[in-house]
Amino acid sequence: TNLPRNAYTPVVTLANGTYHWRVRIRREGGILNDWSQPEPGADPPVGVFTLSLPTPASLEALPSATRGAPTLCWDPLVAVDGEDTPVLAAWKYRVQVSRDPTFSTIWDNVDTEQACWTPTKGYYDGAHWWRVAMIDGQGKVGDYAAAEFTKTYPLPQPVSPAPGAVSEATPTFAWAPVDGAASYRIEV
C-alpha cells in the first residue's frame, strides 16, 4: 500500500496473533529504498508485535439466580487511539450458553449487535455458563469471556389432601399454581 503519511491503520481487523512488519520509502520517480531493519539485540524486536482482540468485560446475568430468562449483559467494546478516535468497535457479539463450564455442548449460540441479550427459550434448573466474544466487521471472533448464572424455578406446593389426612374416597390432588408452568406432572 502506498501512503502519503507516516502512519497507517488497516480498515480490517487483523486476527489474533504475532505479526512482523516493516516499512520503506518510495522516492520521486518510483525509486524504492531498503526495508526498515530491526535494532540488533532489541527485546522485543522492532517490527514485531502481538495482537489480542479485546475481550468483553463486566459480564452480568440479571438477575444472577432467576426464575425467568436472565438478561445477559457486558460492557460494549470500543477501542480508541491516543487522540480519542475510535479505531476498533465490536460489530456484533457472539453469545453462547451451556450447562457445562467447558462448553462441550452449546445450548444457545446467537450473534447480537447489542451489549445485552435475553434468551427466548427455557433452561433446566441449575447452573448454566455463558460466554461472549466480539465479532469484528470481517467476521473474526475474538476471545471469549465467561460467567455463570443459576436457573431456579419455584416448586409446586401441595394443598390437598392435607398432610396426615384420612380420606374415605379417592382424593383430588391440588397444589398452588406456579407462574410460568406450561403443565404439571404428578406421581401417586
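All of these numbers come straight from a predicted model, not from anything done at the bench.
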Is there a donor-acceptor contact under 3.5 Å linking the side chains of D100 and T105? no
In Å and rounded to the nearest 0.5 Å, what is the CE to OH distance from M134 to Y144? 12.0 Å
To the nearest 0.5 Å, tell me how far R27 CZ sits from N33 CG. 4.5 Å
When you compare the side chain of V97 with that of Y123, does any pair of heavy atoms fall below 4.5 Å? yes
May I ask you to check whether F103 and W129 place their ring centers less than 6.0 Å from one another? no
Within a 6.0 Å radius of atom CH2 on W175, are there more than 12 heavy atoms belonging to other residues, nucleotides or ligands? yes
Pairwise side-chain contact, Q157 with V159, heavy-atom cut-off 4.5 Å (strictly under): no
Rounded distance [0.5 Å steps], CD in Q114 versus NZ in K92: 11.0 Å
Heavy-atom closest pair (P119 atom, P70 atom, distance to 0.1 Å) is CD-O, 3.0 Å
Within the 4.5 Å heavy-atom criterion, are Y93 and D111 side-chain neighbours or not? no
Here the pair of heavy atoms bringing P161 nearest to P171 is CG-CB, 4.2 Å
Side-chain contact, heavy-atom cut-off 4.5 Å: V95 with L72? yes
Fit a plane to each ring of W130 and W74, take the angle between them on a 0 to 90° scale, and name the class: parallel (under 30°), tilted (30 to 60°) or perpendicular (over 60°). tilted
Could you tell me whether D125 and K151 make a salt bridge, using a distance below 4.0 angstrom between a side-chain N and a carboxylate O? no
Do F173 and V188 come close enough that some side-chain heavy atom pair is under 4.5 Å? yes
Measure the shortest side-chain to side-chain distance between Y8 and V23 over non-hydrogen atoms and say whether it is less than 4.5 angstrom. no
For D34 and R24, the nearest pair of non-hydrogen atoms, with its separation, is O-CB, 3.3 Å
Hey, what do you get for CD1 (I135) to OG1 (T112), rounding to the nearest 0.5 Å? 9.5 Å
Spacing of CD1 belonging to I106 relative to OG belonging to S98, to within rounding of 0.5 Å: 5.0 Å
Once you measure the plane-to-plane angle for W107 and Y124, does it fall in the parallel (<30°), tilted (30-60°) or perpendicular (>60°) bin? perpendicular
Heavy atoms, side chains only, cut-off 4.5 Å: are D75 and P56 in contact? no
